[in-house]
Amino acid sequence: MITGFPSPAQGYEDKTVDLNSFFIKHPAATVFMRIDSSRYVSMGIYDGDLLIIDRAKAINKNSLVVYEADGCFNIGRVFNIKSEAMITGAITYVIHTVKEV
């Protein structure tokens, strides 16, 4: 005899979410980067965030990208980057960690 209320998750036990298929469009060209700086807060990127970078994604002048300049990796919009910098890839997702207050 079953008593009580059914679980709201009943019927969904076998259904899972594959985050790779959701976040990664070009697996062989995708890299991850953890941010260890508060330098990019104006771009909505915070210390501890995880970036998903697609090196195969088409880039336009407004793309948010990771680029290398003077031996350091930086983040910026293409239209703000000096021509001698080398673009590594387009940032496709920023994953934030919810911080406890």
Practice task
List the steps and the verdict of side chain to side chain contact (heavy atoms under 4.5 Å, CB included) for Asp49 and Arg34.
Solution key: CA-CA 6 Å; Asp49 285 355; Arg34 172 86 53 199; over 6 Å; no
Exercise for the section: Take Ile52 and Ile95 through the side chain to side chain contact (heavy atoms under 4.5 Å, CB included) test and state the conclusion after the steps. Expected result: CA-CA 8 Å; Ile52 299 177; Ile95 301 173; 3.8 Å; yes
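For the atom pair Phe73 CZ and Glu68 CD, the distance stands at 4.5 Å (nearest 0.5 Å). Atom CZ in Phe79 sits 6.0 Å away from atom CG in Asn62 (nearest 0.5 Å). Taken to the nearest 0.5 Å, the CD1 atom of Ile45 stands 10.0 Å off from the CE atom of Met33. From Tyr67, atom OH reaches atom CE of Met86 across 13.5 Å, with rounding to the nearest 0.5 Å.
The hydrophobic clustering, which links ILVMFWY residues whose side-chain heavy atoms are closer than 4.5 Å, places Val66 and Ile59 apart. Residue Ile75 is not grouped with residue Val41 when hydrophobic side chains (ILVMFWY) are merged at heavy-atom distances under 4.5 angstrom, including chains of intermediate members. Grouping the Ile, Leu, Val, Met, Phe, Trp and Tyr side chains by contacts below 4.5 angstrom, directly or via other members, places Phe32 apart from Leu51. In the hydrophobic clustering of ILVMFWY residues, with side-chain heavy atoms under 4.5 Å counting as a link, Val31 and Ile91 come out together. A continuous path of hydrophobic side-chain contacts links Val94 to Tyr40 [ILVMFWY only; heavy atoms under 4.5 Å].
Side-chain contact between Arg55 and Thr30 is absent, with no heavy-atom pair separated by less than 4.5 Å. Asp47 is listed as a side-chain neighbour of Asp36, based on a closest heavy-atom distance under 4.5 Å.
Only one option out of Leu64, Asn60, Val65 pairs with Arg77 in a side chain to side chain contact (heavy atoms under 4.5 Å, CB included); it is Leu64.
Checked by atom type and distance alone, the side chain of Asp54 pairs as donor or acceptor with a backbone atom of Ala56 at under 3.5 Å.
Using cut-offs of 30° and 60° for the angle between ring planes, the Tyr93 and Phe23 rings count as perpendicular.
Residues Ala85 and Ala69 come closest through the heavy atom pair CB-CB, 4.2 Å. When every heavy atom of Lys57 is checked against every heavy atom of Ala90, the shortest pair comes out as CD-CB, 4.1 Å.
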